[in-house]
Amino acid sequence: MEKIYITTAIPYLNGLPHAGHAMDYYLADVCSRYQKMLGNIVRFQAGTDEHGNKIYQKAKELNIPVKDYVDANAQKFKDFIKKLDVEYTDFVRTTDTEHEKKVQEIWLKLKDHIYLARYAGWYCTGCERYVTEKEYKENNGICPDHQKPYEKLEEENYYLRISDFKEQIREAILSKRMLILPEFREKEILKLLDESPDVSISRPKEQLTWGVPVPDDDSQVMYVWIDALANYITVLGFPEKDISDFWPAYAQFVGKDILRFHAIIWPAMLLALGLELPRTLVSHGMILSNGQKMSKSIGNVIDPIEVLDKHGTEAFRYFFLRHVDTFSDSDFTWEKFEDSYNNELANDLGNLVQRLATLCFKNNFELKDLPESELPKEYTELMDKFEFSRAFDFVWEKVQGINRKIDEDKPWSLAKEGKLTELNQVLSSEVMDLLEAAKLLSPFLPETAERIAQVFSGKIEPPKEPLFPKTK
RNA sequence: CGUGGGGUAGAGCAGCCUGGUAGCUCGUUUGGCUCAUAACCAAAAGGUCGUUGGUUCAAAUCCAACCCCCACAACCA
């Protein structure tokens with residue numbers, strides 16, 4: 001029995017939950033349920049990133065206290081996760097006083113690798129950010145969004161000396177001690193690592209008010225990195241507690257857009273703290289809508305709540321875990337969603353449960369005892385490599401195989417001909433196959449797996465309500 | 001010359017590393033079955049594997065050049 005720690009990226013609270021967040025949670029949830037099935041103890045973190053100017057401004061716009069704003073939004077994420085039927089064990093908010101306190105302690109521990117430097121650059125007061133020299137030139141010195149000339153500004157920032165750890169990080173990636181998935185992202189990260197400058201980790205107070213104060217320097221506030229990334233270990237109790245029972249993380253799930261921070265800045269922090277690097281960083285793709293990135297201006301945003309309310313959690317999990325590729329971008333359209341629901345969930349699986357249960361019921365068949373079976377190697381190999389959508393495909397082949405087998409066995413003919421021994425034999429093997437498939441299905445569709453197990457234990461009766469009623 | 005990924009039947013993808021008669025799912029057409037949610041099973045049709053050139057007895061697969069699409073490019077999952 002092993003102790004397994006799984007993390008998800010903490011969403012920035014300036015918006016509401018959307019389809020993309022669901023990916024993180026689902027992948028982690030499948031991983032978690034699978035690990036539990038193997039008999040391991042799982043700790044599963046989720047949380048929210050609640051500091052920074054954008055949140056501060058958003059609250060101001062809405063004319064409510066910032067704390068109230070983040071409280072309300074954090075609750076929305078908690079509700080969302082619940083609705084997804086995702087089983088996290090720990091929830092961390094970066095505005096928790098415990099977290100803030102720990103982050104300051106962590107900052108002090110990092111001190112040997114932090115230095116103060118002056119930064120000068122072109123700044124747009126509209127965007128509230130510095131632009132690169134290149135961007136400055138491209139826009140001829142005028143911000144295209146605000147039609148205002150950039151100003152030359154200078155400020156002091158603290159920096160984390162990434163260069164102290166580049167070699168170690170490179171070695172960890174190449175040796176796969178910190179495995180980056182999908183593997184083709186490795187190249188990208190190694191390149192970025194090479195070029196990565198030291199990272200700025202604070203802002204002057206006047207510029208950033210909503211954040212964790214830098215210890216020993218009243219004039220500076222922590223910028224996102226240390227504060228947000230540290231959540232993965234503060235939630236375990238670091239630095240007061242020895243976290244070596246669950247750390248290093250078995251897997252950290254992130255979107256491909258933030259992989260770079262998790263593969264460069266985060267390992268640098270960990271190394272500076274004397275902690276081990278995570279075993280695996282799993283980066284997933286983005287959800288597209290009609291082939292395009294979801295965006296409010298295009299108006300193609302898929303509201304996950306709408307999907308959940310329309311077809312329920314299991315159908316949502318089914319689509320996102322099987323038809324959204326684990327590693328690359330995938331398209332969501334209502335048409336694809338409905339098709340997969342009707343043709344696969346309802347026809348393949350739902351109907352299978354119905355027909356087999358009816359066959360058992362009509363012939364008074366009951367399964368005596370279910371032998372413990374090992375998980376198929378093909379399945380565990382895919383699951384261990386985090387190839388979840390492919391593992392799901394494998395399970396589905398089993399489901400379809402049972403439909404085929406029923407057609408070949410023709411239990412209804414055996415019943416008519418009175419071949420009862422043979423009939424019991426084929427029903428028994430078919431039911432066992434289905435229960436086996438349900439077991440493999442349980443990390444993906446826990447509720448459905450449970451319902452199948454119930455239908456076929458003890459006296460078998462066809463469910464009064466089909467598992468997945470058709471929508472058309 | 002920013003970095004990375006991709007271009008294979010109507011759609012979505014596998015195959016490419018380790019060359020040797022082009023495969024899966026969905027859709028379409030036809031047939032079968034009747035236990036089942038008009039569900040299930042079988043068969044068929046459908047592709048000059050982005051372009052051009054090279055290596056080879058043989059290339060989707062290796063090499064070169066080019067074209068096109070997408071993502072990322074320090075804070076919009």
Side-chain angles (χ1 to χ4, degrees), chain A residues 8-12 14-15 17-25 49 52-54 127-132 134-135 182 184-192 194-197 199-201 223-225 228 253-261 264-265 283-288 291-297 322-323 325 327-331 333 335-336 339-340 342-363 389-390 393 396-397 400 402-416 427 430 462-463 465-471:
Chain A
T8 56
I10 53 175
Y12 194 54
N14 65 342
H18 55 68
H21 296 120
M23 258 332 263
D24 241 47
Y25 297 132
D49 178 12
N53 277 336
K54 285 194 179 163
C127 307
E128 296 203 26
R129 70 181 184 102
Y130 284 94
V131 298
T132 58
K134 197 178 161 195
E135 203 175 340
F184 67 74
R185 297 249 173 249
E186 253 179 34
K187 269 187 240 167
E188 201 177 333
I189 294 299
L190 287 172
K191 190 94 181 174
L192 283 164
D194 267 351
E195 297 163 356
S196 178
V199 59
S200 147
I201 52 172
Y223 183 57
V224 61
W225 307 123
F253 293 90
V254 298
K256 67 174 184 185
D257 54 335
I258 53 171
L259 174 64
R260 59 187 55 200
F261 313 127
I264 297 173
I265 302 175
S283 87
H284 62 256
M286 302 284 165
I287 314 283
L288 307 177
Q292 281 176 304
K293 198 169 164 173
M294 286 188 212
S295 115
K296 280 179 192 155
S297 51
R322 177 136 191 256
H323 293 298
D325 184 89
F327 298 125
S328 45
D329 293 354
S330 299
D331 198 27
T333 65
E335 199 191 350
K336 283 183 194 172
D339 279 354
S340 88
N342 284 315
N343 297 325
E344 298 167 16
L345 266 183
N347 290 352
D348 287 346
L349 182 61
N351 178 56
L352 170 62
V353 169
Q354 209 72 22
R355 73 191 293 212
L356 190 52
T358 305
L359 281 166
C360 291
F361 176 69
K362 287 189 176 169
N363 296 296
S389 49
R390 294 212 180 179
D393 283 344
W396 217 256
E397 276 168 33
Q400 290 173 317
I402 300 167
N403 268 324
R404 202 172 308 128
K405 189 163 167 10
I406 293 177
D407 268 63
E408 283 163 10
D409 290 343
K410 302 193 199 324
W412 53 90
S413 304
L414 297 175
K416 268 185 209 155
L427 286 179
E430 284 157 10
E465 283 297 314
L467 260 59
F468 303 102
K470 289 251 241 185
T471 58

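Please read all numbers here as calculations on a predicted model, not as lab measurements.
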A:Ser328 or A:Leu192, whichever maps to the more 5' nucleotide of RNA chain B: A:Leu192
A:Ser328 and A:Phe184, any side-chain heavy atoms less than 4.5 Å apart: no
Separation of atom CH2 in A:Trp396 from atom P in B:C26, rounded to whole Å: 11 Å
B:A39 base / A:Asn351 side chain donor-acceptor hit below 3.5 Å: no
Inter-nucleotide P distance (B:A64, B:G5), Å rounded: 14 Å
Between B:U21 and B:C17 - C1' atom distance, rounded Å: 22 Å
From B:C40, B:C35, B:U37, nucleotide with atom closest to A:Asn403 side chain: B:C40
Nearest-neighbour nucleotide for the A:Ala346 side chain, B:U37, B:G27, B:C35 considered: B:U37
Touch class at under 4.0 angstrom, heavy-atom based, for A:His18 against every strand present: base
Candidates B:C72, B:A74, B:C76 - which lies nearest the side chain of A:Lys54: B:C76
Candidate nucleotides B:C40, B:G4, B:A77, ranked by approach to the side chain of A:Glu188 - the nearest: B:G4
Sugar-phosphate, base or nothing in reach of A:Lys410, heavy atoms under 4.0 Å: nothing
Any A:Asn343 side-chain nitrogen or oxygen under 4.0 Å from OP1 or OP2 of B:A39: no
Distance, rounded to the nearest Å, where A:Asn53 contributes CG and B:C76 contributes C1': 15 Å
Separation between the C1' atoms of B:A14 and B:A9, rounded to whole Å: 14 Å
Side chain of A:Glu344 - closest among B:C26, B:G4, B:A36: B:C26
Backbone of A:Asp325 reached by a side-chain donor or acceptor of A:Ser330 within 3.5 Å: yes
For B:C66, the Watson-Crick or wobble counterpart (both distances under 3.5 Å): B:G50
Partner nucleotide, any strand, of B:A44 [Watson-Crick/G-U, under 3.5 Å]: B:U28
Expected output: side-chain A:His284 to main-chain A:Val254 donor-acceptor under 3.5 Å: yes
Complement of B:G23, any strand, by Watson-Crick or G-U distances under 3.5 angstrom: B:C13
Touch class at under 4.0 angstrom, heavy-atom based, for A:Leu356 against every strand present: nothing
P gap between B:A39 and B:G46, integer Å: 27 Å
Closest nucleotide among B:U3, B:G5, B:A74 to the A:Lys191 side chain: B:U3
Spacing of the P atoms in B:U51 and B:A60 (rounded, Å): 11 Å
Sugar-phosphate, base or nothing in reach of A:Leu259, heavy atoms under 4.0 Å: nothing
Rounded P spacing from B:G6 to B:G10 in Å: 22 Å
Minimum-distance nucleotide (side-chain atoms of A:Arg185 versus B:A36, B:C72, B:G4): B:G4
Distance, rounded to the nearest Å, where A:Asp407 contributes CG and B:G32 contributes C1': 9 Å
Distance between C1' atoms of B:G50 and B:C69 (Å, rounded): 11 Å
Sugar-phosphate only, base, or nothing, as touched by A:Pro11 at under 4.0 Å among non-hydrogen atoms: nothing
Any donor-acceptor N/O pair, A:Lys410 side chain to A:Asp407 backbone, under 3.5 Å: yes
Pairing partner of B:U3 (Watson-Crick or G-U wobble, both distances under 3.5 Å): B:A71
Closest to the A:Asp329 side chain, choosing from B:A39, B:A77, B:A71: B:A71
A:Phe468 vs A:Ser330, nearer the 5' end of RNA chain B by closest nucleotide: A:Ser330
For A:Ile287 against A:Gly20, the heavy-atom pair lying closest together: CG1-CA, 4.2 Å
A:Lys470, nearest nucleotide to its side chain (from B:U34, B:A39, B:A36): B:A39
Which nucleotide in B:C35, B:A14, B:C40 has an atom nearest any side-chain atom of A:Asp348: B:C40
Euclidean distance for C1', B:U8 against B:C49 (whole angstrom): 4 Å
Exercise: identify the closest heavy-atom pair between A:Asp24 and A:Gly255: OD1-N, 3.9 Å
Touch class at under 4.0 angstrom, heavy-atom based, for A:Pro462 against every strand present: nothing
A:Arg322 side chain near B:U25 phosphate (N/O to OP1/OP2, under 4.0 Å): no
Rounded distance [0.5 Å steps], CG in A:Asn14 versus CG in A:Asn53: 11.5 Å
Short side-chain N/O contact to B:G5 OP1/OP2 from A:Lys187, under 4.0 Å: yes
